[in-house]
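All remarks here apply to the structure that follows.
Residue numbering restarts at 1 for every chain, and letters A, B, ... go by the order of the sequence lines. Worth saying up front: this structure is predicted, and the values here are computed from it rather than measured.
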Amino acid sequence: MFRYLLSRFLQSLLVLWVVVTAIFFMVKATPGDPFASEKAASKYVIEQNNKVFGLDKPLLVQYGIYLKNSLQGEMGWSFKAEGRSVREIIAESFPTSMRLGLLALAIAVVIGTPIGVIAAVRQNSLSDYIPMSLAMIGICLPTFVMGPLLAIVFGLKLGWFNVAGLSEWSDWVLPATTMGLFYAAYFARLARAGMLETLSQDFIRTAKAKGVPGWRIVIFHALRGGLLPLLSFLGPAMAGIVVGSFVVERVFQIPGLGQHFTEAALNKDSALVLGTAAFYCAILVVANLLVDVLQVLLNPRLRFAAS
Amino acid sequence: MTPTSSMALERGSSLWKDAFHRLQQNKLAVLCLIIFVFIAVLCIVGPWLSPYSESQTDLNLKATGPSKAHWFGTDQLGRDLLVRVMEGGRISLAVGLAATLVSVLIGVAYGATAGYLGGKTDAALMRIVDVLFGIPFIIFVILLRVVMDPILHTPWQKLMVLFLAIGAVEWLTMARIVRGQVLTLSKMEFTEAARSLGLSSRRIIFAHLIPNTLGPVIVYSTLTVPAVMLTEAVLSFIGLGVEPPQSSWGLLIKDGAAAMETYPWLLVFPAILFALSLFCLNFAGDGLRDALDVKGAKD
């Protein structure tokens with residue numbers, strides 16, 4: 001198992017290196033250096049960035065400097081936010097996005113999982129069909145439709161929540177729900193499929209034959225195996241939540257990292273875009289690694305295969 | 001057994017006939033397929049039949065709700081929303097189909113090569129796919145848009161980059177599926193026969209193996225189209241996808257969301273058409289998968 005984890009760790013390092021390198025050469029290969037062609041940037045910022053990135057040196061030296069910078073978390077200076085380093089902006093806005101993402105994930109798990117489990121236990125009944133059809137609709141209603149709809153109904157019509165900003169704790173409810181509902185739908189589908197498969201296995205039949213009560217079978221015997229598919233979906237879900245944050249932070253005017261990233265992309269604030277992109281990749285690679293480790297720890301089959 | 005059915009048995013039944021028969025049993029999937037085709041045809045043909053054009057403004061009208069003259073109402077500039085939704089649908093569907101086509105081309109060629117060559121080459125090629133799976137691609141699509149912006153001038157060039165970029169990142173699952181299929185197929189007798197006849201690897205891959213993977217490829221393509229359309233809409237929504245004067249469903253939903261308090265229909269109609277299309281494509285894809293009995297294409 002240790003060897004497996006080590007190889008996964010090394011693989012993650014490789015992915016990070018590939019990502020960072022791809023970003024570097026993508027920028028270098030396109031005509032019109034984004035650092036040089038930026039008209040709106042002040043002279044000071046351009047000089048600073050030239051110094052940080054060593055833009056007057058040969059390409060390979062630049063690449064070396066860039067790798068070293070990336071390792072140290074040095075990402076240059078924003079063109080638009082005068083006098084602020086990319087690192088500063090990320091440090092300031094990422095906690096907001098992370099809290100939002102974790103809240104959304106919690107909502108997704110808390111709402112989605114029980115619905116999926118109940119649907120599987122009562123397969124082909126109304127408590128299967130109705131929630132599952134709703135889940136399918138939920139999957140097809142993207143966050144940028146769900147967000148405005150929730151804002152209209154609960155913000156403007158009912159007046160329960162503010163529709164923009166983050167000043168009170170209740171301001172977290174709508175954005176987190178918007179992001180969470182989509183994944184709740186997904187989790188419900190995965191939980192249902194996983195539980196159905198587990199419930200049809202021999203050890204469940206044995207438990208039934210021995211007279212274990214139904215609820216005990218579901219909770220103590222089937223749940224652990226049935227919910228494993230959810231775990232492997234956590235990796236892609238993290239990536240999706242990052243993308244969701246681009247949309248949700250825009251809809252609800254939340255000053256998170258997603259907002260900064262999309263703003264920077266729209267404003268052609270190259271240093272900020274590149275730094276943020278590399279940061280996102282790093283976060284996701286680490287998250288994927290954690291999910292893999294968790295999976296090995298919780299799934300005995302993988303544990304044996306890995307050792 | 002009635003004489004007709006025994007006749008049918010003698011004639012034999014192809015994979016496609018079986019699949020078609022099974023698909024017909026799945027009423028919901030057929031209904032979804034019909035609705036989607038209807039939406040697609042409406043978007044393609046509709047703008048020619050409509051008395052209005054996409055950019056034709058009527059400032060006396062401004063934003064008015066649905067009426068007999070304008071079924072979906074009009075926007076703030078008095079443009080007919082129905083025509084705009086149909087034109088937007090053209091772009092959304094075009095991006096969906098074109099990007100899916102790109103992803104199919106890359107994924108099939110890559111997966112078939114890996115599966116056919118097998119051994120170390122296969123291991124290396126699939127390890128690359130594993131590595132690529134860990135990379136958040138939408139960020140790269142956005143990056144590509146930003147760094148290539150200086151050399152993109154017309155909206156059409158931007159659109160091309162958009163669907164090439166989306167297609168170039170959506171091929172991974174396709175490659176995995178095709179590789180698995182080819183791995184099984186290349187151990188079958190007909191491949192061995194082709195090999196012993198002295199056919200080249202390329203000929204075997206393209207003439208014998210790939211045609212046999214068509215079922216899973218079709219199924220997974222049906223599921224890729226909505227994924228691509230969603231990506232396009234997200235990009236357009238945050239302002240990094242399709243740009244005015246062109247419009248897409250994502251862009252219309254964005255404008256609609258901005259005006260939803262006063263003119264809700266501007267959000268409701270594009271959102272309904274968009275969600276309905278995704279819903280139908282997903283259900284039709286699921287139905288096709290069951291009909292063709294494809295395993296491993298799920299999620």
Side-chain angles (χ1 to χ4, degrees), chain A residues 11-12 14-16 18-19 22-23 26-27 29-34 37 136-137 139-145 147-149 151-152 156 186 189-190 193 229 233 235-236 238-239 242-244 246-247 250-251 258 261-262 264-266 268-270 273-274 276-277 280-281 283-285 288-289, chain B residues 28 32 127-128 130-152 226 229-231 233-240 249-250 253-254 256-262 264 266-268 270-272 274-283 286 298-299:
Chain A
Q11 199 177 324
S12 300
L14 180 71
V15 172
L16 271 184
V18 168
V19 164
I23 291 178
M26 211 160 93
V27 173
T30 35
D33 191 338
S37 67
M136 193 68 206
I137 294 173
I139 286 177
C140 294
L141 267 187
T143 39
F144 52 84
V145 178
L149 281 182
I152 285 190
L156 298 174
Y186 231 109
R189 269 165 67 96
L190 286 174
F233 181 65
M238 302 274 198
V242 166
V243 177
F246 299 167
V247 172
R250 180 157 285 251
V251 171
F261 180 63
T262 48
L266 284 170
K268 320 246 154 34
D269 188 342
S270 317
V273 172
L274 298 177
T276 323
Y280 270 134
C281 294
I283 288 287
L284 288 173
V285 168
N288 275 328
L289 183 66
Chain B
L28 190 60
C32 283
R127 190 29 70 89
I128 293 176
D130 288 345
V131 169
L132 291 179
F133 251 110
I135 299 173
F137 272 113
I138 191 160
I139 289 170
F140 270 82
V141 176
I142 292 176
L143 266 184
L144 211 61
R145 267 299 300 272
V146 175
V147 296
M148 288 191 60
D149 204 70
I151 53 166
L152 301 175
M229 284 171 63
L230 195 60
T231 309
V234 166
L235 290 173
S236 296
F237 186 81
I238 55 182
L240 291 163
W249 282 339
I253 291 172
K254 176 193 173 198
M260 65 183 182
E261 294 163 47
T262 27
L266 290 182
L267 173 65
V268 169
I272 286 179
F274 180 74
L276 195 64
S277 299
L278 291 197
F279 186 84
C280 288
L281 273 172
N282 277 322
F283 256 113
D286 276 353
K298 191 162 179 89
D299 301 323

Query - Sequence-distant partners of A:L16, side-chain contact (heavy atoms from CB on, under 4.5 Å), two or more places apart - result: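 Scan of A:L16 (side-chain contact (heavy atoms from CB on, under 4.5 Å), adjacent residues dropped) gives A:A282, A:V285.
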Requested in this report: Would you check if B:I142 and A:F261 make a side-chain contact, meaning some heavy-atom pair closer than 4.5 Å?
Outcome: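 Sidechains of A:F261 and B:I142: in contact.
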Query raised in the report: Can you find a heavy atom in the side chain of A:F246 that is under 4.5 Å from one in the side chain of B:V234?
Result: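 No, their side chains stay 4.5 Å or more apart.
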**Report entry** Gap separating the CG atom of A:L14 from the CD1 atom of B:I128, nearest 0.5 angstrom
**Finding:**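 That separation rounds to 9.5 Å.
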**Report entry** Straight-line distance of B:L267 CG to A:F144 CZ, nearest 0.5 Å
**Finding:**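 One gets 10.0 Å once the value is rounded to the nearest 0.5 Å.
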Query - Contact origin within B:I253 toward chain A - heavy atom pairs under 4.5 Å - result: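 Contact with chain A involves the side chain of B:I253 alone.
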